[in-house]
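What follows is one structure encoded as structure tokens, with my remarks underneath.
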Amino acid sequence: MSAQGSSSVKVAVRVRPLNARERLEQNRICASVHSEDHEIALGVDRLFTFDHVFDLACNQFSIYDHCVKDLVSGLFDGFNATVLAYGQTGSGKTYTMGTALDTVSNDLTPETGVIPRAIKQLFEEMLLRVEASKDKGLPEPKFNVLVQFVELYNEEIIDLLTQEKNPQGIRIHEDTTGSIALKGVSQVSVAGPLETLNTLRQGALNRTTGSTNMNQVSSRSHAIFTVFLKQERASELNGESETREVEFLNAKFHFVDLAGSERLKRTGAVGDRAKEGIAINCGLLSLGNVISVLGSNRGGHVPYRDSKLTRLLQDSLGGNSQTLMVACISPSDGDLAETLNTLRYANRAKNITNKVSANQDKSSKIISELRQRILELEAKLTDYESGKKQFDVDGVEVNTLQYQENMLLTSERNQLAMRVRTLEAANEALRSRLVTQQMSSYNIPSLPVNGEVNGEANEEEHTKAFQTVIEQLERVRSQLFESEARCDKFEAEVKRLKEQKEMNSIIAKMAFEGDVDTDQSNAMIETLDKAAIAECTRYILDLEGKSLTRNDSIESDDYADEGTVDDDDSSHNDDTLYEARDAMCEDLVDLHAAISHKERLIAELETSKSELINMNKNILKQLQSSHERIEKVQAERDRVLQNFEKAEKGGSESAVAKKIRKEFEQKLNKLRAEQKALQAYENKCKTLERQKQKDLEQITKMKNEVKDLQTQKVKLQQNIVAENKKVQKALNEKRKFEAKAATQNRKYENKIRSLESHGNQLETFTKRTAEIMKQLKRELAKQTVRRGPATPRPNSVKNRVPLAGKSKITGAEMWSNIEKNVTAMINKGVLNLQLVEELDRQVEARKVILNEISQVEDMFAKSRDQNVRDVLIDELTGKKEKLTYIQSQIHQLNSQICDLDTNQEYPITVCH
Ligand SMILES: Nc1ncnc2c1ncn2[C@@H]1O[C@H](COP(=O)(O)OP(=O)(O)OP(=O)(O)O)[C@@H](O)[C@H]1O
């Protein structure tokens, strides 16, 4: 690339992969790359050819290695370079250039873009050159690297490497050689790659970005990162000169990350974002005009001064620079119109021719040229002095005859010497091969080495063998050629298979991603299923209580609010169904309350029964012990009294015996009273036991009643479920009806909208055509007035008639041609506009339908009711059919847009 002279702008096209949003919205790929032919096909058969084409799978390294590496090397020979990233918003310009903050890392990663790679290479080559000079014993070259980073935001140049915002101080300056420079912008001197990357990172941080519908981090400005390389080195040796001059070379490398062309409608930009969008599009439109003029090769005025962007890029487009334009495109079928625009833009750019020359410091260049001249003159002087040259009679410098003869003989001698050398080498080679062949294949005795003679028979044998070997050699050679050809074929096949494999892996990856999505959705469905089960359980529980009535009434209210269907009968039926169901629910609630009450009573009775049994047991125990105690005291008393009676036989009862008797009597009385109380208690218990018996009978009765009630409850519940199903069915039918009505409505609305827009476009078209016609008529009238009436030649009647006739026909023809061309152009423009608008509409419709499908799928996953599921499946099938239809519409629109483009070259447009 680094050759002095003219060099055309190179164009590389890069197709980025579909992003997550596009995959989710089921966008299809509409651009395919044929790497071997450097072609890119859009739609079915719209082909573009460029210097380089990179497909979806292409990595950052490959782009750098193919397109940018040589440009960086060219800097060391004083050649300017520019890499320009162009494309619609979100197509990967910043990613390719590597100015996104997250891709400016100190180490090269697969994500690293062009600029950080160029910086690395620049400093590595500097070191290599220093080392090479040392090895050759030459003075080391000296390098000075400066960087500058500016952005063009809303037609204002902003220095990204300074905190001071002083746009007034920044001027664009053009020097006498046509080189463009910025005055008032800071240029930072950098000593190594890390420092340069830090500076780049700092500038990227200051860059204006914003979020749009098309790109989360959208560049809202054109950014130009420039690396200046100043070099001082020993020049190459010239002619017979022994001395090397010091030469000074300057070169600059512009890395331009343009803001993306955008249609405001699609980016959804409003306010400041919209203003930025308009400024961006204006800049790009001017750039498009410059590219058009330069690319048409018709010469004429190039409108560089129309915008600051074109002025800044003046020496990159049509000036002294090796320029590469990287056109970034999206593969999505929804972006086809923008992609087509980008490719047309790029197609024109490749026709631009730049005038490339090394930027050598003038004084050093002149000195070396003068020295060269002195050397040439000195050589000439020597020629005259030695009689090699003389002047003829006309004073023209000629070589002497002797010298000419000498020269001829010398050249002949040189040629002969060379021939001898070649023949000797060939002879030697053949001889040694022959020896090998004889020894290995034919078992021929070895040839005499160095002219040794072994008799005539031997010589004959050798000659024969020699011939065979020659034949063999020829055969081997042809086989070699054949196998080389086959090898090439194999290599091509392997390459093709590799590409196919890559393609397959991409497809597999995409399919895999699709599976992942399905898995995810399956997981979601599973989760939702669980939630649905919980919901259903709650629902059944609610059915048993009052909450059902409340929920149902809310639900029915909700549905009543949802849309209006003018079907009185159906609403009446619905109401009756709701009422019946509500009444049943109320009954169920009452029943449930009765059952609970009875169950509570049974429980209480059973508790009291067990308490009574316990009490009885206690009392019986106490009575028993009291009987025992009384008997014990009585026995004690009798025993003591007997003992006394024995002791005082015959005498009256002593005072002690009396006392003892009294004490015992008291004790017995106490015990008897106790026993009496216990007996009373026992009687009470018996009464309670009788009561208990009665209660038991009552419990059994109540239990039977509860059983009956429960049977009733189950029946009622079954009725409610049946009623509920009826309600649900009615609701589903209602929903189906509503969905149908809504689809119909949407269709009508779309039709109305499209008719309206068609009408508007026709109106605009008619107006524009009328205006153009008027203008053309005016033009023609002016031209006729300027030319004046045709003056017939007086003496040539013959000539006059056909001339007059001819001029009349030419004028009419011209007029009709102009008219036809203009009309055709306008028609095609309008048609293109209509198709692009329709494409936008269909892309939007695809988004909506996908959203609806995912909602229905969610509902399906949540629903447990088979009826509801059936309805949802119907709905889903309908929506999927609609999606297929939309996809086919988009495909058709893509083809139509491409066809229209094949038929006619449009002026470059940036936005519609
Ligand atoms: N070839 C690619 N491979 C992987 N991801 C890419 C590629 N090209 C672009 N992207 C991703 O697409 C998104 C948009 O890219 P980027 O910001 O570079 O677009 P842009 O053309 O600079 O947009 P804008 O003009 O709005 O600034 C980014 O997230 C980027 O990482």
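Numbering of ligands and ligand atoms starts at 1, following listing order. Quick caveat: nothing in here was measured; it's all calculated off a predicted structure.
- Between Asp257 and ligand 1, no pair of N/O atoms sits closer than 3.5 Å.
- Nearest to atom 19 (O) of ligand 1 by heavy-atom distance, out of Ala223, Gly92, Ser330, is Gly92.
- Interface atoms of ligand 1 facing Arg14, defined by a heavy-atom separation under 4.0 Å, are 1 (N).
- Salt-bridge check for Glu838 with Arg841: passed, with a basic side-chain N closer than 4.0 Å to an acidic carboxylate O.
- Considering both main-chain and side-chain atoms, Arg16 never comes within under 3.5 Å of ligand 1 through any nitrogen or oxygen pair.
- Residue Pro17 places no N or O, backbone or side chain, under 3.5 Å from any N or O of ligand 1.
- Partners of Phe76 according to the ring-ring contact (aromatic ring centres under 6.0 Å, His included) rule, which considers only residues two or more places apart in sequence or in another chain, are Phe143.
- Close approach to Gly90 involves these atoms of ligand 1, each under 4.0 Å from a residue heavy atom: 14 (C), 19 (O), 20 (P), 21 (O), 23 (O), 24 (P), 25 (O), 26 (O).
- Looking at ligand 1, you'll find an N or O of Gly260 within less than 3.5 Å of one of its N or O atoms.
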query: What do the steps show when you test Glu338 against Ser330 for side chain to side chain donor-acceptor pair (under 3.5 Å), and what is the final call?
result: CA-CA 9 Å; Glu338 283 88 347; Ser330 142; over 6 Å; no
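- For the pair Arg311 and Glu174, the salt-bridge criterion is met [side-chain N within less than 4.0 Å of a carboxylate O].
- Contact annotation: the side chain of Phe225 approaches that of Leu200 to within less than 4.5 Å [non-hydrogen atoms, C-beta and beyond].
- A salt bridge between Glu22 and Arg28 is absent, with no side-chain N of the basic residue lying under 4.0 Å from a carboxylate O of the acidic one.
- Ligand-side atoms of ligand 1 in range of Gln88: 21 (O), range being under 4.0 angstrom from any heavy atom.
- Heavy-atom proximity to Thr94, at under 4.0 Å, picks out these atoms of ligand 1: 18 (O), 22 (O), 27 (O).
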